[in-house]
Amino acid sequence: MCVCVCPRAGLPSPVRPICDPRVLDRFIMEARDTETALRGCKAGCGVTGTFVVPLTNVDFVVWETKDTEEQALEVQSGMSLFGQALGAVRESVSRVAVQILIDNNKSNIHSLGQVLRSLHIQDLPLPPAPAVGDLVTRKVSSLSELLHVHTNFLRGKVRLLLTNAPACQQNST
């Protein structure tokens, strides 16, 4: 799914903010579809090991006290962890159908980065990888659990960030 928005081909112009919630809904739907399709994929997928993923629970009081940059850093850090985990999964599976689904989800993570940039949320320097067991990550040991956490992350923290992005608030007035 391409998320680039160009007013007229050939003319340089700033990318307009992508505030339409249907864009994120599409990413969520595709993540959920992948989760459903691979739910029964155990030994046949060849996925071994554990993956570090962000926590998906949101304390709304704490979230609302963070500024947009802090929220963006949390989302970008989480998306980076998912990109790394899905990359490791992609390398370990041999079934082409599974590889295609994983590639699609990795592409969607990249596209979400483009959506964030369209909202003037720049790529922020990510902090060093958090240690497992800290207060912002946890380990998962199955592909279905990884995909479930990814879907919940999109439905939670990513949706909150995009819904309340200042560029979208300006467009709605």
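Between N164 and T68, every side-chain heavy-atom pair lies at or beyond the 4.5 Å cut-off. Between L143 and I102 the shortest side-chain heavy-atom distance falls below 4.5 Å. At a threshold of 4.5 Å between non-hydrogen side-chain atoms, the residues R39 and H148 do not count as touching. In this structure the side chain of L112 reaches within 4.5 angstrom of the side chain of L24, judged on heavy atoms. Using a 4.5 Å cut-off on side-chain heavy atoms (C-beta onward), L160 and Q71 make no contact. Between E74 and V136, the closest side-chain pair of non-hydrogen atoms is not below 4.5 Å.
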message = Test side chain to side chain contact (heavy atoms under 4.5 Å, CB included) on R159 and D25; report intermediate values, then the result.
response = CA-CA 9 Å; R159 182 176 302 281; D25 290 343; 2.7 Å; yes

task = Give the C-alpha distance, both sets of side-chain angles, the deciding distance and a yes or no for side chain to side chain contact (heavy atoms under 4.5 Å, CB included) between V140 and T50.
result = CA-CA 6 Å; V140 296; T50 58; over 6 Å; no

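In this structure, CG on L73 lies 10.0 Å from CG on D67, to the nearest 0.5 angstrom. With rounding to the nearest 0.5 angstrom, the CG atom of L86 is 11.0 Å from the CG atom of L101. For the atom pair CD1 (I100) and CZ (R95), the distance works out to 11.5 Å, reported to the nearest 0.5 Å.
Look at E145 and K139 and you find no salt bridge, because none of the NZ, NE, NH1 or NH2 atoms lies under 4.0 Å from a carboxylate O.
Put simply, L161 and F60 are part of the same group of oily side chains (I, L, V, M, F, W, Y) that touch within less than 4.5 Å, one to the next.
Nearest heavy atoms, L154 versus A31: CD1-CB, 3.8 Å. Nearest heavy atom pair, residue I109 against residue G83, reads CD1-N, 3.8 Å. Nearest heavy-atom pair across L81 and V52 is CB-O, 3.7 Å. The shortest non-hydrogen separation linking V61 to T65 is O-CG2, 3.1 Å. Annotation for L55 and K157: closest pair O-NZ, 3.1 Å, computed over non-hydrogen atoms. Of all non-hydrogen atoms in A85 and L146, the two that sit nearest each other are CB-CD1, 3.8 Å.
Judged purely by distance below 3.5 Å, without hydrogens or angles, the side chains of Q84 and S80 pair a donor atom with an acceptor atom.
Of the residues E30, R32, E35, the one that meets the side chain to side chain donor-acceptor pair (under 3.5 Å) test with T151 is E35.
Residues meeting the side-chain hydrogen bond (donor to acceptor under 3.5 Å, both in side chains) test with S142, sequence neighbours left out: S144. Listed by chain and number, the residues in a ring pair (Phe, Tyr, Trp, His ring centres under 6.0 Å) with F82 are H150, F153 (sequence neighbours excluded).
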